[in-house]
There are 2 protein chains.
Amino acid sequence: MSPIERHKKEKGDLRRIILSAAREIFLEKGFDQTSMRTIAQNIGYSATTIYLYFKDKDAILYALHKDGFDILSRQMEVLIHVEDPFERIKAMGRLYLHFANEHHDYYDLMFVQKAPMDSLNGEHETWKEGQSSFDALRFSIQECMDKKLLLFKDADAGAYLVWSTMHGMCTLYDRGRCKVLDEEKRDLIVDLAFNEFISLLEAFRA
Amino acid sequence: MSPIERHKKEKGDLRRIILSAAREIFLEKGFDQTSMRTIAQNIGYSATTIYLYFKDKDAILYALHKDGFDILSRQMEVLIHVEDPFERIKAMGRLYLHFANEHHDYYDLMFVQKAPMDSLNGEHETWKEGQSSFDALRFSIQECMDKKLLLFKDADAGAYLVWSTMHGMCTLYDRGRCKVLDEEKRDLIVDLAFNEFISLLEAFRA
DNA sequence: TTTTTTATATTAACAGTGTTAATTAACTTT
DNA sequence: AAAGTTAATTAACACTGTTAATATAAAAAA
(Lines give C-alpha, C1' and ligand atoms only; values in the text may rest on other atoms or scores of the structure.)
Protein backbone atom coordinates (compact mmCIF):
# COMPACT_ATOMS: atom_id res chain seq x y z
CA MET A 1 0.00 0.00 0.00
CA SER A 2 1.53 3.27 -1.11
CA PRO A 3 1.58 6.31 1.14
CA ILE A 4 -0.96 8.02 -1.10
CA GLU A 5 -3.47 5.20 -0.90
CA ARG A 6 -2.91 5.12 2.82
CA HIS A 7 -3.69 8.79 3.10
CA LYS A 8 -6.95 8.47 1.24
CA LYS A 9 -8.06 5.49 3.22
CA GLU A 10 -7.29 6.51 6.74
CA LYS A 11 -7.68 10.23 6.36
CA GLY A 12 -9.41 12.27 8.93
CA ASP A 13 -7.64 11.30 12.06
CA LEU A 14 -3.93 11.32 11.51
CA ARG A 15 -3.41 12.13 15.14
CA ARG A 16 -4.77 8.77 16.10
CA ILE A 17 -2.82 7.00 13.42
CA ILE A 18 0.39 8.51 14.72
CA LEU A 19 -0.51 7.49 18.23
CA SER A 20 -1.30 3.90 17.38
CA ALA A 21 1.89 3.58 15.35
CA ALA A 22 3.88 5.14 18.15
CA ARG A 23 2.30 2.78 20.63
CA GLU A 24 3.06 -0.22 18.48
CA ILE A 25 6.73 0.62 17.99
CA PHE A 26 7.04 1.79 21.54
CA LEU A 27 5.77 -1.49 22.93
CA GLU A 28 7.98 -3.48 20.62
CA LYS A 29 11.26 -1.61 20.74
CA GLY A 30 10.94 0.33 23.96
CA PHE A 31 10.70 3.99 24.68
CA ASP A 32 14.30 5.00 24.06
CA GLN A 33 14.49 3.30 20.70
CA THR A 34 11.34 4.90 19.38
CA SER A 35 12.28 7.94 17.33
CA MET A 36 10.12 10.41 15.49
CA ARG A 37 11.54 9.21 12.21
CA THR A 38 10.71 5.56 12.84
CA ILE A 39 7.16 6.44 13.78
CA ALA A 40 6.81 8.58 10.66
CA GLN A 41 8.32 5.97 8.39
CA ASN A 42 5.96 3.39 9.80
CA ILE A 43 2.85 5.28 8.76
CA GLY A 44 4.22 6.56 5.47
CA TYR A 45 4.63 10.18 6.47
CA SER A 46 7.61 12.37 6.97
CA ALA A 47 8.89 12.99 10.45
CA THR A 48 8.02 16.64 10.50
CA THR A 49 4.37 15.94 9.84
CA ILE A 50 4.09 14.62 13.36
CA TYR A 51 4.85 18.07 14.66
CA LEU A 52 1.61 19.31 13.10
CA TYR A 53 -0.28 17.06 15.49
CA PHE A 54 2.00 16.98 18.53
CA LYS A 55 4.02 19.75 20.09
CA ASP A 56 7.01 17.50 20.61
CA LYS A 57 7.98 13.95 21.46
CA ASP A 58 7.01 14.38 25.09
CA ALA A 59 3.46 15.15 23.99
CA ILE A 60 3.29 11.76 22.29
CA LEU A 61 4.63 10.08 25.38
CA TYR A 62 2.08 11.89 27.46
CA ALA A 63 -0.71 10.72 25.17
CA LEU A 64 0.61 7.18 25.37
CA HIS A 65 0.92 7.26 29.11
CA LYS A 66 -2.83 7.71 29.17
CA ASP A 67 -3.22 4.34 27.48
CA GLY A 68 -1.41 2.78 30.37
CA PHE A 69 -3.79 4.37 32.81
CA ASP A 70 -6.73 3.17 30.78
CA ILE A 71 -5.53 -0.40 31.13
CA LEU A 72 -4.71 -0.04 34.80
CA SER A 73 -7.96 1.73 35.64
CA ARG A 74 -10.05 -0.83 33.84
CA GLN A 75 -8.36 -3.57 35.79
CA MET A 76 -8.73 -1.71 39.07
CA GLU A 77 -12.40 -1.02 38.47
CA VAL A 78 -13.51 -4.55 39.22
CA LEU A 79 -12.01 -4.27 42.69
CA ILE A 80 -14.71 -1.86 43.87
CA HIS A 81 -16.73 -4.99 44.43
CA VAL A 82 -14.37 -6.17 47.12
CA GLU A 83 -16.18 -4.96 50.18
CA ASP A 84 -13.55 -5.36 52.86
CA PRO A 85 -11.34 -2.31 52.32
CA PHE A 86 -8.26 -4.09 53.60
CA GLU A 87 -8.76 -6.98 51.22
CA ARG A 88 -9.35 -4.44 48.50
CA ILE A 89 -6.01 -2.79 49.21
CA LYS A 90 -4.29 -6.15 49.12
CA ALA A 91 -5.87 -6.88 45.78
CA MET A 92 -4.93 -3.45 44.48
CA GLY A 93 -1.35 -4.05 45.48
CA ARG A 94 -1.16 -7.40 43.79
CA LEU A 95 -2.78 -5.98 40.69
CA TYR A 96 -0.37 -3.07 40.65
CA LEU A 97 2.63 -5.38 40.82
CA HIS A 98 1.16 -7.54 38.14
CA PHE A 99 0.54 -4.57 35.89
CA ALA A 100 4.06 -3.28 36.33
CA ASN A 101 5.40 -6.68 35.43
CA GLU A 102 3.10 -7.17 32.48
CA HIS A 103 3.25 -3.71 30.88
CA HIS A 104 6.53 -2.47 32.07
CA ASP A 105 7.00 -0.01 29.22
CA TYR A 106 3.71 1.64 30.05
CA TYR A 107 4.64 1.54 33.70
CA ASP A 108 7.82 3.37 32.92
CA LEU A 109 5.91 6.13 31.20
CA MET A 110 3.27 6.33 33.88
CA PHE A 111 5.44 6.37 36.96
CA VAL A 112 9.12 6.66 36.13
CA GLN A 113 9.92 8.79 33.12
CA LYS A 114 10.01 12.52 33.57
CA ALA A 115 8.99 13.23 29.99
CA PRO A 116 5.22 12.78 30.23
CA MET A 117 5.06 14.95 33.34
CA ASP A 118 6.96 17.74 31.66
CA SER A 119 4.24 17.79 29.06
CA LEU A 120 1.71 19.09 31.57
CA ASN A 121 3.88 21.68 33.17
CA GLY A 122 1.61 24.51 32.26
CA GLU A 123 1.78 25.50 35.92
CA HIS A 124 -1.85 24.84 36.77
CA GLU A 125 -2.19 21.67 34.78
CA THR A 126 -3.11 18.72 36.90
CA TRP A 127 -2.20 15.09 36.37
CA LYS A 128 -5.72 13.75 36.21
CA GLU A 129 -4.78 10.19 35.17
CA GLY A 130 -2.54 9.67 38.16
CA GLN A 131 -4.89 11.61 40.38
CA SER A 132 -7.88 9.33 39.99
CA SER A 133 -5.75 6.25 40.56
CA PHE A 134 -4.29 7.75 43.68
CA ASP A 135 -7.72 8.87 44.88
CA ALA A 136 -8.99 5.32 44.57
CA LEU A 137 -6.15 4.11 46.76
CA ARG A 138 -6.59 6.86 49.28
CA PHE A 139 -10.30 6.17 49.49
CA SER A 140 -9.67 2.58 50.50
CA ILE A 141 -6.94 3.62 52.91
CA GLN A 142 -9.35 6.09 54.51
CA GLU A 143 -11.98 3.40 54.78
CA CYS A 144 -9.48 1.15 56.56
CA MET A 145 -8.61 3.98 58.90
CA ASP A 146 -12.27 4.58 59.68
CA LYS A 147 -12.73 0.92 60.52
CA LYS A 148 -9.56 0.90 62.60
CA LEU A 149 -7.96 -1.57 60.25
CA LEU A 150 -5.02 0.71 59.65
CA LEU A 151 -3.71 3.16 62.21
CA PHE A 152 -2.35 5.77 59.84
CA LYS A 153 -2.53 9.31 61.11
CA ASP A 154 -2.88 10.81 57.66
CA ALA A 155 -4.66 9.20 54.73
CA ASP A 156 -2.54 10.96 52.13
CA ALA A 157 0.66 9.91 53.82
CA GLY A 158 -0.64 6.37 54.25
CA ALA A 159 -1.65 6.11 50.63
CA TYR A 160 1.62 7.58 49.47
CA LEU A 161 3.47 5.12 51.67
CA VAL A 162 1.67 2.10 50.28
CA TRP A 163 2.10 3.35 46.75
CA SER A 164 5.78 4.03 47.34
CA THR A 165 6.36 0.52 48.60
CA MET A 166 4.77 -1.05 45.55
CA HIS A 167 6.53 1.34 43.24
CA GLY A 168 9.87 0.77 44.91
CA MET A 169 9.62 -2.99 44.59
CA CYS A 170 8.73 -2.74 40.92
CA THR A 171 11.42 -0.30 39.94
CA LEU A 172 14.31 -1.75 41.93
CA TYR A 173 13.52 -5.05 40.30
CA ASP A 174 13.07 -3.64 36.82
CA ARG A 175 16.25 -1.61 36.98
CA GLY A 176 18.36 -4.61 37.87
CA ARG A 177 19.00 -3.74 41.51
CA CYS A 178 17.99 -7.27 42.49
CA LYS A 179 21.56 -8.24 41.80
CA VAL A 180 22.10 -7.87 45.55
CA LEU A 181 20.08 -11.04 46.08
CA ASP A 182 20.93 -14.68 45.54
CA GLU A 183 20.16 -15.63 42.01
CA GLU A 184 17.44 -18.12 42.85
CA LYS A 185 15.72 -15.62 45.11
CA ARG A 186 15.61 -12.74 42.66
CA ASP A 187 12.62 -13.81 40.67
CA LEU A 188 10.34 -14.31 43.62
CA ILE A 189 11.56 -11.45 45.78
CA VAL A 190 8.69 -9.17 44.81
CA ASP A 191 6.23 -11.80 45.97
CA LEU A 192 8.12 -12.46 49.17
CA ALA A 193 8.44 -8.79 49.98
CA PHE A 194 4.79 -8.18 49.17
CA ASN A 195 3.73 -10.87 51.60
CA GLU A 196 5.92 -9.35 54.26
CA PHE A 197 4.28 -6.01 53.58
CA ILE A 198 0.83 -7.48 54.03
CA SER A 199 1.90 -9.01 57.33
CA LEU A 200 3.20 -5.62 58.31
CA LEU A 201 -0.09 -3.93 57.48
CA GLU A 202 -2.10 -6.61 59.25
CA ALA A 203 -0.21 -5.91 62.45
CA PHE A 204 -1.07 -2.23 62.20
CA ARG A 205 -4.53 -2.22 63.65
CA ALA A 206 -6.22 -1.39 66.90
CA MET B 1 45.94 27.43 30.29
CA SER B 2 46.48 25.87 26.89
CA PRO B 3 45.75 22.22 26.30
CA ILE B 4 49.47 21.53 25.88
CA GLU B 5 50.39 23.01 29.25
CA ARG B 6 47.53 21.11 30.76
CA HIS B 7 48.83 17.88 29.30
CA LYS B 8 52.29 18.35 30.72
CA LYS B 9 50.99 19.28 34.11
CA GLU B 10 48.43 16.65 34.74
CA LYS B 11 49.90 13.86 32.72
CA GLY B 12 50.02 10.38 34.07
CA ASP B 13 46.47 9.73 34.95
CA LEU B 14 44.17 10.92 32.25
CA ARG B 15 41.61 8.39 33.32
CA ARG B 16 41.16 10.22 36.58
CA ILE B 17 41.11 13.59 34.90
CA ILE B 18 38.33 12.42 32.64
CA LEU B 19 36.40 11.11 35.59
CA SER B 20 36.68 14.25 37.66
CA ALA B 21 35.68 16.40 34.71
CA ALA B 22 32.78 14.10 33.97
CA ARG B 23 31.71 14.25 37.60
CA GLU B 24 31.89 18.01 37.66
CA ILE B 25 29.80 18.51 34.54
CA PHE B 26 27.50 15.72 35.56
CA LEU B 27 26.73 17.29 38.91
CA GLU B 28 26.24 20.67 37.36
CA LYS B 29 24.26 19.93 34.23
CA GLY B 30 22.79 16.55 35.04
CA PHE B 31 23.32 13.16 33.56
CA ASP B 32 21.42 13.59 30.30
CA GLN B 33 23.15 16.80 29.38
CA THR B 34 26.61 15.43 29.87
CA SER B 35 27.99 14.34 26.52
CA MET B 36 31.31 12.85 25.60
CA ARG B 37 32.16 15.97 23.66
CA THR B 38 31.50 18.33 26.53
CA ILE B 39 33.62 16.24 28.85
CA ALA B 40 36.42 16.17 26.30
CA GLN B 41 36.21 19.86 25.60
CA ASN B 42 36.37 20.58 29.29
CA ILE B 43 39.72 18.88 29.73
CA GLY B 44 41.21 19.99 26.43
CA TYR B 45 41.12 16.66 24.66
CA SER B 46 39.16 15.35 21.75
CA ALA B 47 36.10 13.27 22.40
CA THR B 48 37.56 10.11 20.96
CA THR B 49 40.44 10.15 23.39
CA ILE B 50 38.02 9.20 26.13
CA TYR B 51 37.45 5.91 24.37
CA LEU B 52 41.07 5.01 25.01
CA TYR B 53 40.30 5.03 28.73
CA PHE B 54 36.66 3.98 28.86
CA LYS B 55 34.83 1.41 26.82
CA ASP B 56 31.81 3.65 26.35
CA LYS B 57 29.72 6.24 28.11
CA ASP B 58 28.14 3.66 30.38
CA ALA B 59 31.57 2.81 31.73
CA ILE B 60 32.02 6.40 32.84
CA LEU B 61 28.61 6.39 34.47
CA TYR B 62 29.48 3.19 36.24
CA ALA B 63 32.69 4.71 37.54
CA LEU B 64 30.77 7.75 38.72
CA HIS B 65 28.08 5.71 40.37
CA LYS B 66 30.82 4.44 42.68
CA ASP B 67 31.39 7.97 43.93
CA GLY B 68 27.82 8.06 45.08
CA PHE B 69 28.27 4.87 47.02
CA ASP B 70 31.43 6.25 48.59
CA ILE B 71 29.48 9.19 49.93
CA LEU B 72 26.54 7.10 51.07
CA SER B 73 28.72 4.43 52.67
CA ARG B 74 30.80 6.96 54.55
CA GLN B 75 27.63 8.49 55.93
CA MET B 76 26.18 5.12 56.82
CA GLU B 77 29.34 4.00 58.58
CA VAL B 78 28.78 6.17 61.63
CA LEU B 79 25.48 4.40 62.24
CA ILE B 80 27.20 1.18 63.32
CA HIS B 81 27.52 2.90 66.68
CA VAL B 82 23.77 2.94 67.11
CA GLU B 83 23.32 -0.13 69.24
CA ASP B 84 19.58 -0.63 69.08
CA PRO B 85 19.08 -2.24 65.66
CA PHE B 86 15.63 -0.78 65.26
CA GLU B 87 16.85 2.72 65.96
CA ARG B 88 19.68 2.01 63.54
CA ILE B 89 17.25 1.10 60.80
CA LYS B 90 15.28 4.25 61.45
CA ALA B 91 18.46 6.29 61.19
CA MET B 92 19.46 4.48 58.02
CA GLY B 93 16.11 5.27 56.50
CA ARG B 94 16.30 8.93 57.35
CA LEU B 95 19.84 9.11 56.06
CA TYR B 96 18.86 7.36 52.84
CA LEU B 97 16.07 9.83 52.20
CA HIS B 98 18.37 12.70 52.99
CA PHE B 99 21.02 11.40 50.63
CA ALA B 100 18.54 10.95 47.81
CA ASN B 101 17.38 14.50 48.32
CA GLU B 102 20.86 15.97 48.61
CA HIS B 103 22.63 14.11 45.81
CA HIS B 104 19.81 13.24 43.54
CA ASP B 105 21.93 12.95 40.43
CA TYR B 106 24.11 10.38 42.12
CA TYR B 107 21.03 8.67 43.42
CA ASP B 108 19.72 8.40 39.91
CA LEU B 109 22.88 6.68 38.80
CA MET B 110 23.02 4.39 41.81
CA PHE B 111 19.44 3.21 41.92
CA VAL B 112 17.45 4.30 38.91
CA GLN B 113 19.39 4.45 35.67
CA LYS B 114 19.93 1.23 33.80
CA ALA B 115 23.20 2.36 32.25
CA PRO B 116 25.61 1.68 35.13
CA MET B 117 24.17 -1.79 35.62
CA ASP B 118 24.62 -2.65 31.97
CA SER B 119 28.27 -1.94 32.42
CA LEU B 120 28.72 -4.93 34.72
CA ASN B 121 26.77 -7.37 32.65
CA GLY B 122 29.72 -9.64 32.10
CA GLU B 123 27.45 -12.41 33.34
CA HIS B 124 29.33 -13.24 36.53
CA GLU B 125 30.07 -9.68 37.51
CA THR B 126 28.55 -8.71 40.81
CA TRP B 127 27.37 -5.30 41.94
CA LYS B 128 29.63 -4.96 44.92
CA GLU B 129 28.81 -1.32 45.72
CA GLY B 130 25.12 -2.01 46.04
CA GLN B 131 25.76 -5.35 47.66
CA SER B 132 27.58 -4.03 50.69
CA SER B 133 24.97 -1.35 51.26
CA PHE B 134 22.22 -3.92 51.08
CA ASP B 135 24.12 -6.29 53.35
CA ALA B 136 24.37 -3.59 55.97
CA LEU B 137 20.62 -3.13 55.87
CA ARG B 138 19.91 -6.83 55.94
CA PHE B 139 22.24 -7.27 58.90
CA SER B 140 20.26 -4.79 60.95
CA ILE B 141 16.99 -6.29 59.81
CA GLN B 142 18.21 -9.72 60.87
CA GLU B 143 19.26 -8.34 64.24
CA CYS B 144 15.79 -6.92 64.70
CA MET B 145 14.30 -10.26 63.80
CA ASP B 146 16.50 -12.04 66.31
CA LYS B 147 15.39 -9.66 69.04
CA LYS B 148 11.74 -10.02 67.98
CA LEU B 149 11.59 -6.35 67.07
CA LEU B 150 10.46 -7.17 63.58
CA LEU B 151 8.42 -10.22 62.68
CA PHE B 152 9.66 -10.69 59.15
CA LYS B 153 9.80 -14.27 57.97
CA ASP B 154 12.69 -13.68 55.62
CA ALA B 155 15.50 -11.20 56.18
CA ASP B 156 16.14 -10.69 52.48
CA ALA B 157 12.50 -10.00 51.79
CA GLY B 158 12.29 -7.72 54.81
CA ALA B 159 15.36 -5.77 53.77
CA TYR B 160 14.15 -5.53 50.22
CA LEU B 161 10.79 -4.32 51.46
CA VAL B 162 12.27 -1.57 53.60
CA TRP B 163 14.61 -0.53 50.83
CA SER B 164 11.76 -0.51 48.32
CA THR B 165 9.68 1.73 50.50
CA MET B 166 12.46 4.28 50.86
CA HIS B 167 13.31 4.05 47.20
CA GLY B 168 9.71 4.40 46.15
CA MET B 169 9.19 7.52 48.20
CA CYS B 170 12.31 9.13 46.77
CA THR B 171 11.62 8.35 43.16
CA LEU B 172 7.92 9.11 43.08
CA TYR B 173 8.77 12.46 44.57
CA ASP B 174 11.72 13.12 42.31
CA ARG B 175 9.84 12.18 39.18
CA GLY B 176 7.04 14.58 39.88
CA ARG B 177 4.37 12.07 40.83
CA CYS B 178 3.61 14.11 43.94
CA LYS B 179 1.27 16.13 41.78
CA VAL B 180 -1.49 13.91 43.13
CA LEU B 181 -1.16 15.67 46.47
CA ASP B 182 -2.28 19.09 47.62
CA GLU B 183 0.38 21.62 46.84
CA GLU B 184 1.15 22.49 50.43
CA LYS B 185 1.49 18.85 51.36
CA ARG B 186 3.86 17.85 48.60
CA ASP B 187 7.05 19.07 50.13
CA LEU B 188 6.61 17.31 53.42
CA ILE B 189 4.98 14.15 52.16
CA VAL B 190 8.21 12.14 52.32
CA ASP B 191 8.58 13.02 56.00
CA LEU B 192 4.95 12.27 56.72
CA ALA B 193 5.06 8.95 54.92
CA PHE B 194 8.32 8.04 56.58
CA ASN B 195 6.81 8.61 60.00
CA GLU B 196 3.87 6.45 59.08
CA PHE B 197 6.28 3.77 57.99
CA ILE B 198 8.08 3.87 61.31
CA SER B 199 4.77 3.55 63.12
CA LEU B 200 4.01 0.61 60.90
CA LEU B 201 7.29 -1.09 61.74
CA GLU B 202 6.89 -0.38 65.44
CA ALA B 203 3.61 -2.23 65.44
CA PHE B 204 5.27 -5.24 63.87
CA ARG B 205 6.79 -6.89 66.91
CA ALA B 206 6.02 -9.74 69.23
C1' DT C 1 -13.88 28.11 -14.81
C1' DT C 2 -10.12 30.41 -13.17
C1' DT C 3 -7.93 32.55 -9.31
C1' DT C 4 -6.92 33.04 -4.57
C1' DT C 5 -6.70 31.31 -0.09
C1' DT C 6 -5.98 27.82 3.29
C1' DA C 7 -4.56 23.55 5.21
C1' DT C 8 -1.39 19.87 4.91
C1' DA C 9 2.79 17.60 3.99
C1' DT C 10 7.55 17.73 2.42
C1' DT C 11 12.54 18.76 1.82
C1' DA C 12 16.54 20.90 3.65
C1' DA C 13 18.94 22.09 7.34
C1' DC C 14 20.67 22.83 12.21
C1' DA C 15 22.89 21.39 16.05
C1' DG C 16 23.55 17.93 18.48
C1' DT C 17 24.41 12.53 20.06
C1' DG C 18 27.62 8.07 20.77
C1' DT C 19 31.00 5.69 18.42
C1' DT C 20 34.53 3.56 14.87
C1' DA C 21 38.27 3.67 11.45
C1' DA C 22 42.05 5.77 9.60
C1' DT C 23 45.72 9.05 10.38
C1' DT C 24 49.08 11.95 12.47
C1' DA C 25 52.34 13.24 16.19
C1' DA C 26 55.36 12.00 19.81
C1' DC C 27 58.26 9.19 22.33
C1' DT C 28 61.22 4.52 22.79
C1' DT C 29 63.92 1.21 21.37
C1' DT C 30 67.08 -0.84 18.26
C1' DA D 1 69.14 7.52 12.09
C1' DA D 2 65.48 3.94 11.38
C1' DA D 3 61.93 1.27 12.99
C1' DG D 4 58.40 0.36 16.23
C1' DT D 5 55.08 1.64 19.76
C1' DT D 6 51.91 4.54 22.14
C1' DA D 7 48.75 8.46 22.46
C1' DA D 8 45.87 11.67 20.51
C1' DT D 9 43.63 13.50 16.54
C1' DT D 10 40.59 14.28 12.42
C1' DA D 11 37.05 12.51 9.53
C1' DA D 12 33.20 10.09 9.17
C1' DC D 13 28.92 7.27 10.11
C1' DA D 14 24.45 6.83 11.40
C1' DC D 15 21.64 8.48 14.26
C1' DT D 16 18.60 12.05 17.35
C1' DG D 17 14.74 16.00 18.06
C1' DT D 18 13.34 20.01 15.97
C1' DT D 19 12.65 24.49 13.00
C1' DA D 20 12.14 27.21 8.75
C1' DA D 21 11.17 27.44 4.15
C1' DT D 22 8.92 25.22 0.35
C1' DA D 23 5.82 22.53 -2.38
C1' DT D 24 1.29 20.32 -3.10
C1' DA D 25 -3.36 19.47 -2.67
C1' DA D 26 -8.09 20.83 -1.59
C1' DA D 27 -11.57 24.50 -0.69
C1' DA D 28 -13.36 29.03 -1.28
C1' DA D 29 -13.92 33.15 -3.77
C1' DA D 30 -13.73 35.58 -7.96
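Order of the sequence lines fixes the chain letters, A, B, ..., with proteins taken first and strands second; residue numbering starts at 1 for each chain. Note that this is a predicted model, so its numbers are computed, not measured.
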Between the opening five pairs and the closing five pairs of the helix from dT2(C)-dA29(D) to dT30(C)-dA1(D), how far apart are the helix axes, to 10°? 30°
To the nearest Å, give me how far apart CG (D13(A)) and C1' (dT8(C)) are. 15 Å
Just how far, in rounded Å, is C1' of dA8(D) from CD of Q41(B)? 17 Å
Take atom CD1 of I17(B) and atom P of dA7(D), then tell me their distance rounded to the nearest Å. 14 Å
Could you give the OH-to-C1' distance, from Y45(B) to dT10(D), as a whole number of Å? 17 Å
Output the rounded distance in Å from CD1 (I60(B)) to P (dT17(C)). 13 Å
Quick one, V180(A) and Y160(B) - any side-chain contact, counting heavy atoms below 4.5 Å? no
Listed pairs under 3.5 Å, donor-acceptor, residues 189-201 of chain B side chains, sequence neighbours left out:
unit_1: N195(B); atom_1: ND2; unit_2: D191(B); atom_2: O; d: 3.3
unit_1: E196(B); atom_1: OE1; unit_2: K153(A); atom_2: N; d: 3.2
unit_1: E196(B); atom_1: OE2; unit_2: K153(A); atom_2: N; d: 2.9
unit_1: E196(B); atom_1: OE2; unit_2: D154(A); atom_2: N; d: 2.8
unit_1: S199(B); atom_1: OG; unit_2: K153(A); atom_2: NZ; d: 3.3
unit_1: S199(B); atom_1: OG; unit_2: N195(B); atom_2: O; d: 3.1

salt_bridge(E77(B), R74(B)) N-O dist < 4.0 Å: no
Nearest to the side chain of S46(A), heavy atoms from C-beta on, is which of dT10(D), dT10(C), dA7(D)? dT10(C)
Return no unless some side-chain N or O of T49(A) is found under 4.0 Å from OP1 or OP2 of dA9(C). no
Atom-to-atom span, CD1 of I18(B) to P of dA7(D) - whole angstrom: 12 Å
Neighbour count >12 (heavy atoms, 6.0 Å) for atom CZ, F31(B): yes
What is the separation between atom CG on L52(B) and atom P on dT5(D), rounded to the nearest whole Å? 18 Å
What are the two closest non-hydrogen atoms of R175(A) and M117(B), and how far apart are they? O-CG, 3.7 Å
Heavy-atom distance under 4.5 Å between the side chains of M92(A) and L137(A), does that happen here? yes
Under a 3.5 Å cutoff, is there a donor and acceptor pairing between the side chains of Y173(B) and H104(B)? no
Distance-minimising heavy-atom pair for S140(B) and P85(B): O-CB, 3.9 Å
Anything under 30° is parallel, anything over 60° is perpendicular, the rest tilted; go ahead and classify Y107(A) against F111(A). tilted
How close or far is atom C1' of dT19(C) from atom CD1 of I50(B), stated in whole angstroms? 12 Å
For F54(A), which contact category applies under a 4.0 Å heavy-atom criterion: base, sugar-phosphate, or nothing? nothing
Can you check nucleotides 16-18 of chain D for protein contacts, nitrogen or oxygen pairs under 3.5 Å, and list what you find?
unit_1: dT16(D); atom_1: OP1; unit_2: S35(A); atom_2: OG; d: 2.8
unit_1: dG17(D); atom_1: OP1; unit_2: M36(A); atom_2: N; d: 3.3
unit_1: dG17(D); atom_1: OP1; unit_2: K57(A); atom_2: NZ; d: 3.2
unit_1: dG17(D); atom_1: OP2; unit_2: M36(A); atom_2: N; d: 2.9
unit_1: dG17(D); atom_1: N7; unit_2: R37(A); atom_2: NH1; d: 2.6
unit_1: dG17(D); atom_1: O6; unit_2: R37(A); atom_2: NH2; d: 2.9
unit_1: dT18(D); atom_1: OP2; unit_2: Y51(A); atom_2: OH; d: 2.9
unit_1: dT18(D); atom_1: OP2; unit_2: K57(A); atom_2: N; d: 2.9
unit_1: dT18(D); atom_1: O5'; unit_2: Y51(A); atom_2: OH; d: 3.3
unit_1: dT18(D); atom_1: O4; unit_2: R37(A); atom_2: NH2; d: 3.2

